[in-house]
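See below for the structure under consideration.
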Amino acid sequence: MRKHFGFCRFFSLVLAVSMAVSCLTAGLFPVSAVAEGEWIAEDQSIIQGTQTVEVPIRIGANPGIVSAQVEIGYDAEYFTLTEVRDGQALGTATHTDKLTNNPYKLSWENDTAQTDFAVTDAVVATLVFSVDAQTPVDTYTVSVHPVSDNTINAALEYVPFTGANGTITVACAQHNWALDHYTAPEPDCTTGSKGVFVCSVCGAEEEQDIDPLGHDYQAGTVVPATCAEQGYTIYVCSHDASHTEKRDYTAIDSDNHDFQAGTVVPATCTEQGYTIYVCSHNASHTEKRDYTPIDPDNHDYQTVVTPPTYYSQGYTTYICKHDPSHTYVGDYTDPVVDESSPTVFAETVRGSKGTDVQVKISIRNNPGITGAKILIGYDAGVLTLTNVEDGGILGENVFSDILTANPYALAWENDTTLINFTEDGVIAILTFHIDDNAENGDVTITVTPDWENTLSAGLSEVPLLGENGTVTIAPPYKVGDVDGNGKVEPKDRVLLARYLAKWGGEYNNIDLQAADIDKNGKVEPKDRVLLARYLAKWGGEYDTYFE
């Protein structure tokens, strides 16, 4: 313990007599759970050549004290302690050390104080140092060492303190900066940069902005004038060769061409061939050279395609673009007939020799007509036309009474009608007698529309297609007897099913009239169902189809 704490010794002795033996074994001044305090030397910065510097000593955290001591150390080679000023924050100061002592002890003794000095974050002393004029640029430590044995509170407990050293930084009075390295892309003619500069005097480092280099143009390539452009000299920047300027312009030289062979235009059936020479300076400056004679066989045909219709062929017209009189027509294509084409057609019917059959003549996709003429042809050695009946949908008919005419002309004339007849359906019914000695087989009924005599209300020709029909001469058929063996049996159902399933081959040879069970003119799945139910003896309505 410190020698000068007389009052403390006396007070401690009295206190020790009254304490228990267990307290005596713990030491003269008991150490309780006292919070920790802190001494702090504040950092200072001065310029090289500064004569004095003041370093405040501050108390930071303070759990409360009545007496304290702290040692302050420094670099005596360059700093001389000349004065110590107390901060009047901790009571009576007893800084009795010589100023030449290093470390120097700061002391406070308040032996009669019964209340702690608890001031915090306050300057308790200021040390004034003179500075050697030759002090090198550097950072020097001011050390702080608490003397724990001489720091107590009013309860006579030791109070622990920590010490936070400070520094005295001596900075360069005049920096001599030199670039050490770039911290951004290097500067160019137009863009600056940043870099770290180091002082050659003190070694300090600092990032600084760096100005753009600016241009340094030097005369370079001389470009002569041409027929299209002035001449000039290219000046190139010595810092960056991509930076150039054109200067020292000279006038355009209208005679300075640079013709290069370009497009070769071959001779055609009407013109000579030649080569186009193009000036490299100005592409609008051209010359034709190297002529070749006319080639009468070199046509350049353009095509005009005329598509086919349902009544006419399609074709392509080839027209030479050099001379439109050089043309030809080719690539013919057949008319395109489909279900939407206007058509007059004869139905296919079946009859036996010595009997009469009716053949319906119908129109579909009627485009609209006011007058028409349809020629119906047939084999007069097998068939005899006995009657012609109008279908009633094309207006006034002018059918001939001469039924022996072959072909027979079906004709309608509605000269005073301004509205077209557009209905689809049966236009006539022809009755034929089949010769008693006719052989079994097919007889064709030809249908030939006369386009010149088939007109619309606007008096334009209406091209109609003709679709032939057939009179099939065969023995009388039995409904459902699709194989013609005279019996309706399960085999007929199987043959009809395979025909409908499009097996092809022999299954296409069934009697289609016998297979049309419901006589609606079509062989369809319904006919197979009717035949199957008849064979299964469902009876009732199903038997009526086979009567």
Side-chain angles (χ1 to χ4, degrees), residues 310-312 335 337 341-417 420-457 459-474 512-513 519 521:
Y310 67 90
Y311 59 86
S312 64
V337 179
S341 302
T343 305
V344 176
F345 61 96
E347 69 176 339
T348 294
V349 298
R350 174 174 177 163
S352 302
K353 59 185 177 180
T355 65
D356 291 340
V357 293
Q358 288 186 331
V359 178
K360 294 177 181 178
I361 308 299
S362 303
I363 187 170
R364 62 172 176 260
N365 305 313
N366 187 348
I369 55 179
T370 56
K373 184 176 181 180
I374 311 296
L375 301 177
I376 306 299
Y378 54 92
D379 185 347
V382 178
L383 302 176
T384 301
L385 182 61
T386 61
N387 186 57
V388 178
E389 181 183 346
D390 186 14
I393 66 173
L394 295 182
E396 297 293 330
N397 76 74
V398 287
F399 296 166
S400 172
D401 293 334
I402 304 175
L403 299 181
T404 56
N406 188 4
Y408 181 82
L410 297 174
W412 292 266
E413 294 179 358
N414 300 279
D415 297 343
T416 62
T417 301
N420 287 320
F421 294 89
T422 59
E423 185 177 351
D424 286 350
V426 177
I427 60 174
I429 301 173
L430 281 64
T431 302
F432 292 96
H433 178 76
I434 303 174
D435 188 79
D436 294 344
N437 297 316
E439 296 181 357
N440 292 337
D442 292 335
V443 179
T444 299
I445 306 298
T446 62
V447 179
T448 307
D450 183 348
W451 291 357
E452 291 184 357
N453 291 304
T454 302
L455 305 174
S456 68
L459 300 182
S460 59
E461 291 185 6
V462 179
L464 299 175
L465 299 181
E467 186 177 295
N468 298 337
T470 302
V471 174
T472 298
I473 302 173
L512 296 179
Q513 196 162 4
K519 299 181 178 63

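At distances below 3.5 Å, at least one donor-acceptor pair connects side-chain atoms of W451 with backbone N or O atoms of L464. Judged purely by atom type and a 3.5 angstrom limit, T470 has no side-chain atom pairing as donor or acceptor with the backbone of T472. The backbone N or O of T343 sits nowhere less than 3.5 Å from a side-chain atom of N365 that would complete a donor-acceptor pair. Not a single donor-acceptor pair under 3.5 Å links the side chain of Y408 to the backbone N or O of F399. At distances below 3.5 Å, not a single donor-acceptor pair connects side-chain atoms of N366 with backbone N or O atoms of D424. Between the side chain of N406 and the main chain of G377, no donor-acceptor pair closer than 3.5 Å is present. In this structure, E347 contributes its side chain and K360 its backbone to a donor-acceptor pair below 3.5 Å.
T446 contributes atom OG1, which lies 10.5 Å from atom CG of D379 (distance to the nearest 0.5 angstrom). Between the CZ atom of F421 and the CD atom of E396 there is a distance of 8.0 Å, given to the nearest 0.5 Å. Atom CG in N387 sits 13.5 Å away from atom OG1 in T384 (nearest 0.5 Å). Separating the NZ atom in K353 from the CG atom in D436 is a distance of 9.0 Å, to the nearest 0.5 Å. Note that the CD atom of E413 and the CG atom of L455 stand 10.0 Å from one another [nearest 0.5 Å]. One finds the CG atom of L383 at 11.5 Å from the OG1 atom of T431 (value rounded to the nearest 0.5 Å).
Using a 4.5 Å heavy-atom threshold, the side chains of I445 and I376 count as touching. Side-chain contact check for I393 versus V426: every heavy-atom pair is 4.5 Å or farther apart.
Contact between P342 and P463 at its shortest, heavy atoms only, is CB-O, 4.5 Å. Closest approach of Q358 and V349 over heavy atoms only: O-CG1, 3.4 Å. The nearest pair of heavy atoms linking V462 to P367 is CG1-CG, 3.4 Å. Here the closest non-hydrogen pair linking A346 and V359 is CB-CG1, 4.1 Å. Across all non-hydrogen atoms, the minimal contact from S352 to I434 is O-CD1, 3.5 Å. Contact detail for A409 and L375: the closest heavy-atom pair is CB-CD2, 3.7 Å.
For the residue pair N420/T370, the side-chain donor-acceptor check at 3.5 Å is not satisfied.
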| task | Applying side chain to side chain contact (heavy atoms under 4.5 Å, CB included), run through I374 and V447 and close with a yes or a no. | result | CA-CA 7 Å; I374 311 296; V447 179; 3.8 Å; yes
| Going through the distances and angles, do W412 and I427 end up as a side chain to side chain contact (heavy atoms under 4.5 Å, CB included)? | CA-CA 10 Å; W412 292 266; I427 60 174; 3.7 Å; yes
